[in-house]
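Lettering of chains follows the sequences in order, A, B, ..., and the numbering in each one begins at 1.
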Amino acid sequence: MERTILHLDMDAFFAAVEQLDNPQYRGKPLIVGADPKGGKGRGVVATCSYEAREYGIHSAMPISHAYRRCPHGIYVPGRHKRYSELSRAMIAILKDFTPVIQKISIDEAFMDVTGSLGLFGDAMTIAQAVMKRIRTELKLTASIGIAPNKFLAKIASDLDKPDGLVVVLPGHERSFLEDLPIFRLWGVGKKTEAALTQMGIQTIGQIARLSETALNKRFGKWGNALWRLSHGIDDRPVESVDVQKSISQERTFYEDTDDQQEIEQTLFHLAESLSRLMRKDHLKGRTITLKIRFEDFSTFTRSKTFADFIDSTQIIKGVALSMYRRFNKSRKKVRLLGIGVSQLNSVSGEQLGLFDQEAPLNTKLTRLLDSLQDKFGEDAVKRAALLKGPGTEAPNPSVPDADI
Amino acid sequence: MKFRVNRKDIHQAIQKIIGVVPVKTTIPILSNILFDLHGNDLSLTGTDLEVSISTNIEVQGDEDGAVAIPAKILFEIVRELPDVPMELACDEDYKISLNTEQGFYKLSGEAKDEFPKIVVEEGMGSFEIEAGRFSNMVDKTSFAVSTDELRTTLMGVFMKVMANELRMVATDGHRLVKIEDKNFQSPGLEQEAIVPTKALNLLTKNLNGNTDISVSISDDHVVFKLSDTTIFSKSIEGQFPNYERVIPADNDKKVIINRQLLSSSVRRVSIFSNSITHQIRLSVSNGALEIQSEDIEFGGEAREKVDADYSGDGVDVGYNANYLLDILKHIESNEVELRLKDPVSAGIIYPVGQEDGEDVLMLLMPIRLNDD
């Protein structure tokens, strides 16, 4: 059945809230994030106002870079309680139009309005009504994309920000995607982008003109996914979960492997990037899950639940590794590895520990690594365990498949 | 080996052992129970290599011998049998046959030599203690033990034997219980050990009817002896954390409150707390304690007030409701005394009016409140 999906994205959310609550910030470059400490600050930009974007500042940029570009900007720390409050109000408005809502972050949500079309008029009318209520009730603006699926709706909402409304009509998926650059495709990171550019491909339309077999040959299963996305095909349902339940990362090896060193390095790498993502989003979780797919496609998961909420690279790494060693005693060839963390906690304060002062070294090291990686990129500094011996190739290239 | 026994007796004996037999193990022999017969004395032993338990029963022995028998099958068939006399025999190939008036059952066992030997050092110092007193101390501490394999030294109860005191301490890093028996007199033994929870649970489960326990401690083992049952346990290796250092001395806000009222209030309010963190907020003010919770994601909220004996500056502290309830459940007195300092320091909870010769202290670390 033809679906009608809306993707709503609040415009420069944290910054807009600050400008709403503090009229003196309006019309000025405002950066919400870490303390820049006169250019020496660590940490990153959470959001910035459109005025600040004119200086080339964007979210996730190291705060010191932002400061260099715009030393006279207004720098404020975030007030997550206030943002959550407005985020709840935003969701409450959406709920007046459909019960099928998937909140994907504090300022973004999907709505499946297929069943509401008879009640409120066409999708355009619903989107305009939502935008109007957000403007009058919250005094904020949002951009909306309307499309037959989530993937297209999300791309569409981003095309005409701020206060934009972009519609992709059924049957026009290909022409909508035709000239868009490849990085717009869900899941295309630096590696895939580089590989595609090397093949002379710059737009999504060019991917769509390749055969599925050719893409599969070059990228494996990920190639099939690329082909489907480039044709605007995406069947994922809008899942009405109010809270983010888990966060995970997986890697598929280009060639199935039983090289233990390579497997362990991949686990280390997954733990490292997953935990870094968690710390960035202020998430900690209690259950660590290891996913293994063997060469025969049999897939298994093993989980472990702890009393503490965890975001430490060291612990996630150690637990995943010990589960792996215990599980794959026969050393079968591995096709895919994944690590997930669930039972997440982001809303409340942290449980303090009696013996917290006793293990500060690792925490300090982790924070230092995080800030260096934010500054110089993921490859700038690595734990020695992630490095291969001299003269060897880089680890088996693998397909990133982030799934939050 | 051959003996006759009543089904009921052997069933009881197996029930004592079965708890230690690992359900899944990479060492197949451990899923067996070792039967060892001398005359009319049959001993049954199970082990997971960390904790072992042995029990003796009287049977009508026909032929001495020993065999390791698959625990699960044996336990299941004996459980299903009515109370009838039965005969168990084993040939030199360790084929076991079990005969009753219902019929016969055959299974394969393993040689005694395959079964791990439980070696207990000679000359371990030991003391006797009243079973009730000992298990009371275990009950009040073991709930606070950590189940995280991340810090193995917290996965057991720390037991310290001193000249005039027996002390047990347990902590999972968020809460801590310290209990001291000041009436204790050691027969010259001064030792300490971290005892795995599994061994302590086996002990308290098998106390039925025993009035005294003999406890032996060496550097790496603890042995508990009851009249017909012995539990051997490896001590957990490593240093128990310096718990004295984390017990605050300057918590000056003393709140006295009825334990039942507090506990039922916390239970109700916690229904509305976040389902993962179970965070509640205690706000102390003159004469009252307010308990609140809210779940931002689902919009739930709850608030209750309980009368409390307090005068002084107000303070707000966040706790995990389940941790607080656990603590209140393991205190017997009608009233409890909370000693607080500030929102980020450990709170102390004492029973008001300690039991004779017993000193109990419970600590709970807060959850940081988001008050920005």
Side-chain angles (χ1 to χ4, degrees), chain A residues 76-89 91-92 95 103 106 241-246 282-288 304-310 312 314-316 318-319 322-323 325-327 329 342-359 362, chain B residues 24 26 144-151 153-155 169 171-177 239-248 273-281 293-299 316-320 322-323 342-347 363-372:
Chain A
V76 296
R79 292 178 300 147
H80 278 266
K81 208 174 173 184
R82 173 74 175 136
Y83 309 148
S84 308
E85 189 182 299
L86 284 163
S87 175
R88 281 202 300 283
I91 294 291
K95 280 187 176 160
K103 184 178 174 182
I106 194 161
V241 279
D242 284 339
V243 199
Q244 185 177 345
K245 295 273 198 282
S246 70
H282 303 283
L283 292 170
K284 288 185 175 199
R286 259 200 329 215
T287 302
I288 300 176
K304 207 157 184 43
T305 298
F306 299 93
D308 282 331
F309 289 96
I310 291 160
S312 131
Q314 213 61 28
I315 294 174
I316 295 174
V319 171
S322 86
M323 287 193 287
R325 284 183 180 154
R326 229 175 287 172
F327 186 69
K329 285 224 162 75
S342 50
Q343 290 233 53
L344 295 176
N345 170 23
S346 63
V347 281
S348 294
E350 114 203 62
Q351 167 72 56
L352 302 171
L354 283 162
F355 308 106
D356 278 355
Q357 300 98 308
E358 289 178 14
N362 229 325
Chain B
K24 277 189 200 161
T26 49
V145 163
S146 169
T147 51
D148 279 6
E149 283 166 26
L150 301 177
R151 295 194 69 181
T153 53
L154 304 187
M155 294 180 73
V169 185
T171 179
D172 64 0
H174 302 144
R175 55 213 166 137
L176 180 145
V177 185
Q239 187 71 40
F240 197 74
N242 185 349
Y243 57 92
E244 296 287 7
R245 195 180 53 74
V246 300
I247 299 174
S273 67
N274 178 281
S275 61
I276 293 177
T277 63
H278 307 288
Q279 179 177 354
I280 55 163
R281 173 194 289 256
S293 70
E294 66 171 336
D295 186 346
I296 292 171
E297 295 296 330
F298 298 98
D316 279 22
V317 192
Y319 288 121
N320 178 325
N322 289 349
Y323 287 169
D342 57 42
V344 293
S345 303
L363 275 191
L364 181 55
M365 273 313 268
I367 293 180
R368 199 189 290 277
L369 293 168
N370 290 345
D371 277 342
D372 46 285

Would you check if Leu352(A) and Ile367(B) make a side-chain contact, meaning some heavy-atom pair closer than 4.5 Å?
no
Glu244(B), CD atom: more than 12 neighbouring heavy atoms under 6.0 Å
yes
Of the backbone (N, CA, C, O) and the side chain (C-beta and beyond), which part of [X] lies under 4.5 Å from a heavy atom of chain A, both, or neither?
X	result
Leu363(B)	side chain
Tyr319(B)	neither
Ser345(B)	neither
Thr171(B)	side chain

Does Gln351(A) reach the main-chain N or O of Thr277(B) with its side chain, forming a donor-acceptor pair under 3.5 Å?
no
Gap between atom CG of Asn242(B) and atom CG of Leu354(A) - 0.5 Å precision:
11.5 Å
Euclidean distance, Thr153(B) OG1 relative to Phe355(A) CZ, rounded to 0.5 Å:
8.5 Å
Applying a strict 4.5 Å limit to non-hydrogen atoms, the region of Ile315(A) in contact with chain B is side chain
